[in-house]
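Naming: A, B, ... by sequence-line order, numbering from 1 per chain.
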Amino acid sequence: MNERFLILMEKNFENILTDEEKVEFENLLATNNKLKSEFEDQKRVKEVLSKMKLSNPQKEVWDGYWMGLYNKIERGIAWIAVSIGLIILLAAASYEIVDKFISDTGTPGYIKFGTAALVFGIFVLFISVLREKLFTYSKDKYKEIKR
Amino acid sequence: MSTVEQKIEFERHVKQNMKKAYFSALGILRDHDLAMEASQSAFVKAYKSFGTFDKTKNFFTWYYKILRNNCLNIIRDNKKLVHEDSNNYLEYTFEENDLNQNIENREIYELTKKEISNLETTDREVLILREFEGYSYEEISEMMQIPIGTVMSKIYYARKKIAKRIGAYLK
């Protein structure tokens with residue numbers, strides 16, 4: 001395909017040909033039957049496409065669009081605030097517990113070690129299960145299907 | 001700008017652009033529910049980075065980049081859910097006075113719908129933006145971040161594929 005002709009034809013469709021380009025385009029059409037037939041085909045397809053459109057959803061969809069979106073934004077902000085609050089509170093509580101546990105001279109060393117190992121194990125298990133669940137969910141192509 | 005002012009301005013942008021956003025997503029995704037979801041979640045992302053938006057620029061061009069990424073991610077993650085042969089997102093209208101002409105027209109439009117749906121995602125996207133949504137080559141080039149020449153070439157080859165499919169009816 002003649003690249004120059006392609007550009008001229010598209011510019012012609014958009015009505016942005018300059019006078020010189022118009023002459024050049026008409027000359028190409030007059031002297032080359034293949035290009036002329038190509039142009040006619042493209043024109044007919046454009047005609048077909050001009051009678052087509054993307055189908056509209058129901059009118060009510062637009063009425064509730066902003067409200068639905070606003071709820072999503074609001075909930076997103078609320079979740080961020082809740083998460084930040086929880087993280088801060090949990091971190092402070094954990095620090096207090098660990099601090100008291102370590103400074104408690106009445107508890108034997110092996111109990112302290114056992115408790116630390118238990119807490120660490122539960123924490124790693126929790127993270128591992130959570131990561132697996134989230135990863136599987138995000139990659140599950142059939143999550144919309146009710147089982 | 002205060003949070004309230006920012007929200008009011010964002011709401012204005014959403015109301016002005018929600019239809020364009022939805023139809024652009026529909027052209028890429030070919031599914032009403034996915035298009036609705038994609039356009040809304042792209043607006044949520046746009047709201048989060050609305051502070052970085054240069055107010056002298058066109059909102060929709062800026063938003064479209066987020067929307068497009070969203071749609072492409074949806075296609076990547078939901079390949080099995082977006083049916084290859086789904087084409088009920090397109091409609092056609094023609095005069096119904098001649099029965100023979102009517103049958104032939106129906107055939108042409110059904111074949112065209114099928115061919116549009118079978119186009120590569122970016123080719124369909126460009127064609128729909130130009131032929132159905134009426135964006136100029138320059139606007140499409142900016143929205144999709146590709147040269148104008150590529151936009152013209154993609155539209156031309158998309159139309160050529162359709163012409164090949166409905167060729168027998170065009171003569």
Counting neighbours of NZ on B/Lys114 that are heavy atoms of other residues, nucleotides or ligands and sit closer than 6.0 Å, is the number greater than 12?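 Atom NZ in B/Lys114 is not crowded, with 12 or fewer foreign heavy atoms closer than 6.0 Å.
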May I ask you to check whether over 12 heavy atoms, not counting those of B/Glu138, lie within 6.0 Å of atom CD?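 Count not over threshold, so no.
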Determine the option with the most heavy-atom pairs under 4.5 angstrom with chain A, choosing from B/Glu131, B/Met152, B/Gln40. B/Gln40
Is the distance between the ring centroids of A/Phe25 and A/Phe39 under 6.0 Å? yes
Measuring heavy-atom distances to chain A, does B/Val14 have an atom under 4.5 Å in its side chain, in its backbone, in both, or in neither?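 The side chain, not the backbone.
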Using a cut-off of under 4.5 Å for heavy-atom pairs, which of A/Gly68, A/Gly76, A/Pro57 has the most such pairs with chain B?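 Sorted descending by pairs with chain B, the first entry is A/Pro57.
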Interface moiety of B/Phe23 toward chain A, non-hydrogen atoms closer than 4.5 Å: both
Check for me whether the distance between the ring centres of B/Tyr137 and A/Phe13 falls short of 6.0 Å.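 No, the ring of B/Tyr137 stays outside the 6.0 Å limit from the ring of A/Phe13, centre to centre.
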Out of A/Lys46, A/Lys11, A/Glu14, A/Lys53, return the one with the most heavy atom pairs under 4.5 angstrom to chain B.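 Of A/Lys46, A/Lys11, A/Glu14, A/Lys53, A/Glu14 has the most heavy-atom pairs under 4.5 Å with chain B.
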Euclidean distance, B/Leu111 CG relative to B/Ile116 CD1, rounded to 0.5 Å: 11.0 Å
Which one, A/Leu69, A/Val61, A/Asn56, A/Ile7, leads in non-hydrogen pairs under 4.5 Å with chain B? A/Leu69
